[in-house]
Amino acid sequence: MTKKILFINQEISPYVPESYLSAMGRELPQVMQERGHEIRTFMPKWGNINERRGQLHEVIRLSGMNLIINDTDHPLIIKVASIQASRIQVYFIDNDEFFIKRQMAADESGEDYADNGERAIFFARGVLETVKKLRWTPDIIHCQGWMSGVVPFYVKTAYSDEPSFANAKVITSLFSKSLKKDFGENFKHCLEFREAGADKLGKYKDRFDFEELGKLAIDYSDGIIAADKEVNAALLDHAKSLQLPLLDYPGEDFADAYDKFYDLVGNR
């Protein structure tokens, strides 16, 4: 059955260095588009992306909104480019403070950025606000990578009454890629937005780290995929404890398994 699938990716090659996560960011949307599904694909405009080589350009009609995070206005910039070989269009979430002149999760010395949590919040809200502006209604929202970990929580709380997301099913893929540092003491406060209030965050640690963010994503997802050979065992156990639909790592020939999983989750 043909579906509208929103892919929210942390990494997509060739825009960032090749990894299993960035390869899946590229290949999965391509495979699903070739199978007749209608797709939209998003990623952060990391500072190490070469805009000229990637032929990125700003979409003025989608840019210009301010997102308030931690009581500060952060302008949202939307850029777009196409992967020529696959005819996949990619939307990039950009902001001068969070992305320009920066690397990805870690700086040049390998240290995680202290505001990675706020960057993930900005990315999540930026994607969801842009999809609303596109007047597009996905059936499946597929999140790949910790940077999209806030999305399931927002879809099921702050954006649950939005026509674009009211009937969407959320799938979270677990990868082996992790983070070294937690998000600091203020992450929970920054996370609060509309119905995504403090009352829904009480059961989580005050200092969110990679694992705690993963649990938040799983708690608000409709299905989980072990997308890598080795994923965080605690997160996998957490998903199993909730008896969520779970797709074990299907190997490199993943297309049929993912397509069937979309049907399974979409029909629940």
Side-chain angles (χ1 to χ4, degrees), residues 6 8 10 42 44 65-76 93 95 97-99 105 112-133 138 141-175 178-224 232 234-244:
L6 171 60
I8 306 180
Q10 178 173 311
F42 284 79
M65 179 182 295
N66 278 352
L67 304 181
I68 300 173
I69 299 169
N70 198 20
D71 305 320
T72 303
D73 280 354
H74 299 279
L76 174 63
I93 300 296
N95 171 268
E97 180 183 351
F98 287 136
F99 298 112
D112 286 356
Y113 289 109
D115 62 351
N116 271 341
E118 288 154 76
R119 297 169 89 201
I121 292 169
F122 180 85
F123 177 58
R125 286 178 52 189
V127 171
L128 297 175
E129 291 294 343
T130 304
V131 172
K132 280 171 53 183
K133 278 193 175 183
I141 300 173
H142 191 161
C143 302
Q144 300 197 95
W146 67 263
M147 192 68 176
S148 63
V150 174
V151 171
F153 177 58
Y154 279 155
V155 169
K156 300 299 176 118
T157 57
Y159 289 84
S160 62
D161 291 333
E162 298 282 358
S164 290
F165 310 113
N167 298 312
K169 301 294 177 124
V170 183
I171 292 173
T172 291
S173 278
L174 303 178
F175 288 85
S178 185
L179 290 167
K180 299 173 187 173
K181 293 184 177 179
D182 64 43
F183 295 149
E185 298 177 355
N186 208 33
F187 179 72
K188 274 190 177 181
H189 169 70
C190 296
L191 195 56
E192 293 175 30
F193 175 61
R194 296 180 182 165
E195 291 76 23
D199 58 311
K200 294 180 174 62
L201 297 170
K203 68 178 181 177
Y204 301 99
K205 295 176 184 176
D206 287 337
R207 295 184 76 98
F208 264 69
D209 54 14
F210 172 80
E211 200 169 286
E212 205 69 3
L213 180 64
K215 289 178 181 177
L216 178 74
I218 290 167
D219 288 346
Y220 289 88
S221 293
D222 300 291
I224 303 296
N232 184 294
L235 293 182
L236 211 52
D237 288 343
H238 186 68
K240 290 175 181 176
S241 74
L242 299 177
Q243 298 184 314
L244 290 169

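Positions are given from 1 along the sequence.
- For Tyr159, the side-chain hydrogen bond (donor to acceptor under 3.5 Å, both in side chains) test picks out Glu129, with sequence neighbours left out.
- In this structure, the side chain of Gln144 does not engage the main chain of Ser173 through any donor-acceptor pair within 3.5 Å.
- Listed by chain and residue number, nothing satisfies the side-chain hydrogen bond (donor to acceptor under 3.5 Å, both in side chains) test with Asp209 (two or more places apart in sequence, or in another chain).
- With sequence neighbours left out, the side-chain hydrogen bond (donor to acceptor under 3.5 Å, both in side chains) criterion links Lys169 to no other residue.
- Taking CD1 of Ile224 as the start and CG of Leu174 as the end, the distance is 5.5 Å to the nearest 0.5 Å.
- Between Leu244 and Ser221 the shortest heavy-atom distance is CD2-O, 3.5 Å.
- A distance of 13.5 Å separates CZ in Phe210 from CG in Asp182, rounded to the nearest 0.5 Å.
- Using a distance-only test at 3.5 Å, with no hydrogens or angles considered, no donor-acceptor pair links the side chain of Asp115 to the main chain of Glu118.
- Remark: side-chain polar atoms of Lys215 are not paired, donor with acceptor, to backbone N or O of Ala234 under 3.5 angstrom.
- Closest approach of Pro138 to Val131, counting heavy atoms only: CD-CG1, 4.3 Å.
- Annotation: side chain of Ile8 is in contact with side chain of Ile141 (closest heavy-atom distance under 4.5 Å).
- Distance check: Thr130 OG1 to Arg125 CZ gives 12.0 Å after rounding to the nearest 0.5 Å.
- Of all heavy-atom pairs spanning Ala124 and Tyr154, the tightest one is CB-CD1, 4.1 Å.
- Ala198 and Glu192 make their closest contact through CB-OE2, 3.4 Å (heavy atoms, listed as atom of the first residue, atom of the second, distance).
- Distance CG/Leu128 to CZ/Phe42: 9.0 Å, rounded to 0.5 Å.
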Run the side chain to side chain contact (heavy atoms under 4.5 Å, CB included) test on Thr172 and Tyr220 for me, step by step, so that the C-alpha distance in whole Å, both residues' side-chain angles and the decisive distance to 0.1 Å come before the verdict. CA-CA 9 Å; Thr172 291; Tyr220 289 88; over 6 Å; no
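- Contact record, Val170 with Cys143: CG1-SG, 4.3 Å, taken as the closest heavy-atom pair.
- Considering only heavy atoms from C-beta on, Pro44 comes within 4.5 Å of Met147 through its side chain.
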Extract all donor-acceptor atom pairs below 3.5 Å that involve side chains of residues 65-74 and protein atoms in other chains or at least two apart in sequence.
unit_1, atom_1, unit_2, atom_2, d
Asn70, OD1, Asn186, ND2, 2.9
Thr72, OG1, Asn70, O, 3.3
His74, ND1, Glu97, OE1, 3.2

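- Once rounded to the nearest 0.5 Å, the distance linking CD1 of Ile121 with CZ of Phe187 reads 4.5 Å.
- Note: Phe183 and Trp146 have tilted aromatic rings, judged against thresholds of 30 and 60 degrees for the angle between ring planes.
- Salt-bridge check for Lys200 with Asp219: failed, with every basic side-chain N at 4.0 Å or more from each acidic carboxylate O.
- No more than 12 heavy atoms of other residues, nucleotides or ligands lie within 6.0 Å of CG in Asp161, so this atom counts as exposed by the packing criterion.
- The two atoms that bring Ala196 and Phe153 nearest to each other are CB-CE2, 3.5 Å, heavy atoms only.
- If you take CG on Leu201 and CG on Asp206, they are separated by 10.0 Å, rounding to the nearest 0.5 Å.
- Under the salt bridge (charged side-chain N to carboxylate O under 4.0 Å, His left out) criterion, Glu211 pairs with no residue, sequence neighbours left out.
- Within the 4.5 Å cutoff, the side chain of Leu76 has heavy atoms near those of the Phe122 side chain.
- Residues satisfying the ring pair (Phe, Tyr, Trp, His ring centres under 6.0 Å) criterion with Phe99, sequence neighbours excluded, are Trp46.
- Two residues are said to be in side-chain contact when any heavy atoms from C-beta on lie closer than 4.5 Å; Leu213 and Val150 meet this criterion.
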